[in-house]
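Remember, it's a predicted structure, so these values are computed and weren't measured experimentally. We count ligands from 1, going down the list as the structure has it; atoms in each ligand are counted the same way.
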Amino acid sequence: MRRIAFIGLGNMGGPMAANLLKAGFEVAVYDIQASTRERFKELGAKVSESAAATLHNADCVVSMLPASAHVEALYLGTDGLLSKIAPNALVIDCSTIAPQSARKVATEAARLGITMIDAPVSGGTAGATAGTLTFIVGGPLSALEKARPVLEKMGKNIFHAGEAGAGQVAKICNNMLLAIHMAGTAEALNLGVASGLDPKVLSEIMQKSSGRNWSLEVYNPWPGVMENVPSSRGYSGGFGSKLMLKDLGLALEASQSAGAAIPLGAKVESLYAEHCQTEAGAQDFSSLLASLRAGLFKS
Ligand code: NAD
């Protein structure tokens, strides 16, 4: 596989496509935003003016879009990409979407003889840039093996979660847990600082104590505690609060269809829903701490 069509060049897709270019693949890219497409001309990508135009000679299609509706609109329907992709090509959708949407698109792909996997990622924008993402794959194992040389250029860990849609289920569980420990970390830091502690000292203590977790150690939400994280650049870049709210909505849907209660997941979903009503909705999800500090949530 040498020729890749890459669709969706946002916070995650941009650096992922750049890593494929660096690895020597021929990459044709498309994003609906013209300014985003422009940036890729300088990187040596073939910049296309439509998603369909990226397909020319492509033996692999990678997509990294915001949500289920974008993915279904891209691939399905009479004018959808699946109707134009060569039957022997491989499709890798890395977006985080509803498991039933992933299954719907994969079923249609299989009907047309196209191999497809859902391969949502974990690791954030830093992982996307460093090429150290974790891929959580749903679909046939043989399709994962076919995708492996492409995935290995963008990530470090590749897991097979199960059949089509299983990658999304695992990803949703992970992100619900992420939202819960981000909210918990924000609360602990806010309480400590409001009680007179230094956020850096408190973070160091908790990093070596039983409260340690990824939000605290890798993605600290208190501005200035860590370098190179969204909280230290005005909560810009990173993983948007609205995308986290979307994932928590997917967790609620999954909990209903599986009959598995998620009381903490539901609570943190309502916190993010409230947070997203403020301007911070456009900022990284760690900005929940800013809403907490501003007194948005009444206990
Ligand atoms: P983003 O909003 O930065 O990027 C999405 C890109 O898709 C945008 O550039 C947008 O213009 C483009 N787009 C939308 N519709 C399109 C279409 N029809 N055709 C072509 N381009 C289109 O989002 P992101 O942060 O890159 O996240 C992408 C996906 O990855 C989401 O599903 C998100 O939940 C997931 N994710 C994000 C992170 C993170 O840290 N940002 C981490 C893991 C997973």
Chemist: For Val229, which fellow cluster members are found when Ile, Leu, Val, Met, Phe, Trp and Tyr are connected by side-chain heavy-atom distances below 4.5 angstrom, either directly or through intermediates?
Modeler: Leu189, Val193, Leu197, Leu202, Met206, Leu216, Trp222, Val225, Met226, Tyr235, Leu289

Chemist: Please confirm whether Leu243 comes within less than 3.5 Å of ligand 1 when only nitrogen or oxygen atoms on both sides are compared.
Modeler: no

Chemist: Quick one: nearest non-hydrogen protein atom to atom 26 (O) of ligand 1, plus distance?
Modeler: Met12 N, 2.9 Å

Chemist: I need the contact type for Ile7 against ligand 1. Using non-hydrogen atoms and a strict under-4.0 Å cut-off, is it side chain, backbone, both or neither?
Modeler: side chain

Chemist: By number and element, which atoms of ligand 1 are closer than 4.0 Å to a non-hydrogen atom of Thr96?
Modeler: 32 (O), 34 (O), 35 (C), 44 (C)

Chemist: Just to confirm my output: which protein heavy-atom neighbour is closest to atom 32 (O) of ligand 1, and how far is it?
Modeler: Pro66 O, 2.8 Å

Chemist: Any idea which protein heavy atom is nearest atom 9 (O) of ligand 1, and the distance to it?
Modeler: Asp31 OD2, 2.6 Å

Chemist: Indicate yes or no: does an N/O atom of Gly238 lie under 3.5 Å from an N/O atom of ligand 1?
Modeler: yes

Chemist: Quick check on Ala51 - does any of its heavy atoms sit under 4.0 Å from an atom of ligand 1?
Modeler: no

Chemist: Between Asn11 and ligand 1, which part of the residue brings a heavy atom under 4.0 Å of the ligand: side chain, backbone, both or neither?
Modeler: both

Chemist: Has Lys246 got more than 12 heavy atoms of other residues, nucleotides or ligands less than 6.0 Å from its NZ?
Modeler: yes

Chemist: Please walk me through it: do Arg37 and Glu49 pass salt bridge (Lys or Arg N to Asp or Glu O under 4.0 Å)?
Modeler: CA-CA 9 Å; Arg37 292 200 296 275; Glu49 292 302 309; 3.4 Å; yes

Chemist: Does Arg2 make a cation-pi contact with Phe25, if we ask for NZ or CZ under 6.0 Å from the ring centre and within 45° of the axis?
Modeler: yes

Chemist: Which residue owns the protein heavy atom closest to atom 43 (C) of ligand 1, what's the atom, and how far is it?
Modeler: Val121 O, 3.4 Å

Chemist: Could you find the nearest protein heavy atom to atom 4 (O) of ligand 1 and give me its residue, atom name and distance?
Modeler: Gly10 CA, 3.2 Å

Chemist: With a heavy-atom distance limit of 4.0 Å, tell me whether Lys171 approaches ligand 1 through its side chain, its backbone, both, or neither.
Modeler: side chain

Chemist: Applying side-chain hydrogen bond (donor to acceptor under 3.5 Å, both in side chains), which residue pairs with at least one partner in residues 13-32 are found, sequence neighbours left out?
Modeler: Asn19-Lys22

Chemist: Nearest heavy-atom pair of Ala143 and Thr115: which atoms, and what distance?
Modeler: CB-CG2, 3.2 Å

Chemist: What atoms in ligand 1 come closer than 4.0 Å to a heavy atom of His70?
Modeler: 15 (N)

Chemist: Is there a nitrogen or oxygen of Leu9 sitting under 3.5 Å from a nitrogen or oxygen of ligand 1?
Modeler: no

Chemist: Within the supplied structure, the quantity of interest is the number of heavy atoms (other residues, nucleotides, ligands) at a distance under 6.0 Å from Arg3 CZ; does it exceed 12?
Modeler: yes

Chemist: For atom 30 (O) of ligand 1, what is the nearest protein heavy atom, given as residue, atom name and distance?
Modeler: Met64 CE, 3.1 Å

Chemist: Just checking, any donor-acceptor pair under 3.5 angstrom between side chains of Asn220 and Ser203?
Modeler: yes

Chemist: Against ligand 1, does Met244 come closer than 4.0 Å with any heavy atom?
Modeler: no

Chemist: Among all protein heavy atoms, pick the one closest to atom 20 (C) of ligand 1 and tell me residue, atom and distance.
Modeler: Ile32 N, 3.5 Å

Chemist: When only distance counts, is Thr36 in polar contact with ligand 1, meaning an N/O pair under 3.5 Å?
Modeler: no

Chemist: Tell me the closest heavy-atom pair linking Leu9 and Ala17, and the distance in Å.
Modeler: CD2-CB, 3.9 Å

Chemist: Please name the pair of heavy atoms, one in Lys171 and one in Val121, separated by the smallest distance, quoted to 0.1 Å.
Modeler: NZ-O, 2.7 Å

Chemist: Relative to the heavy atoms of Gln33, which atoms of ligand 1 are at a distance of less than 4.0 Å?
Modeler: 11 (O)

Chemist: Out of Phe285, Phe6, Phe239, Tyr30, indicate the one that has the non-hydrogen atom closest to atom 40 (O) of ligand 1.
Modeler: Phe239

Chemist: Same cluster or not: Met154 versus Ile117, using hydrophobic residues (I, L, V, M, F, W, Y) connected whenever any side-chain heavy atoms lie under 4.5 Å apart?
Modeler: yes

Chemist: Using modelled atom types and a 3.5 Å cut-off, is there a donor and acceptor pairing between side-chain atoms of Gln168 and backbone atoms of Ser95?
Modeler: yes

Chemist: At their closest point, which heavy atom of Ser231 faces which heavy atom of Pro221, and how far apart are they?
Modeler: CB-O, 3.2 Å

Chemist: Going by the closest heavy atom to atom 31 (C) of ligand 1, which one wins out of Leu65, Val29, Asn175?
Modeler: Leu65

Chemist: Any atoms of ligand 1 less than 4.0 Å from a non-hydrogen atom of Lys246? List them with their elements.
Modeler: 31 (C), 32 (O), 33 (C), 34 (O)

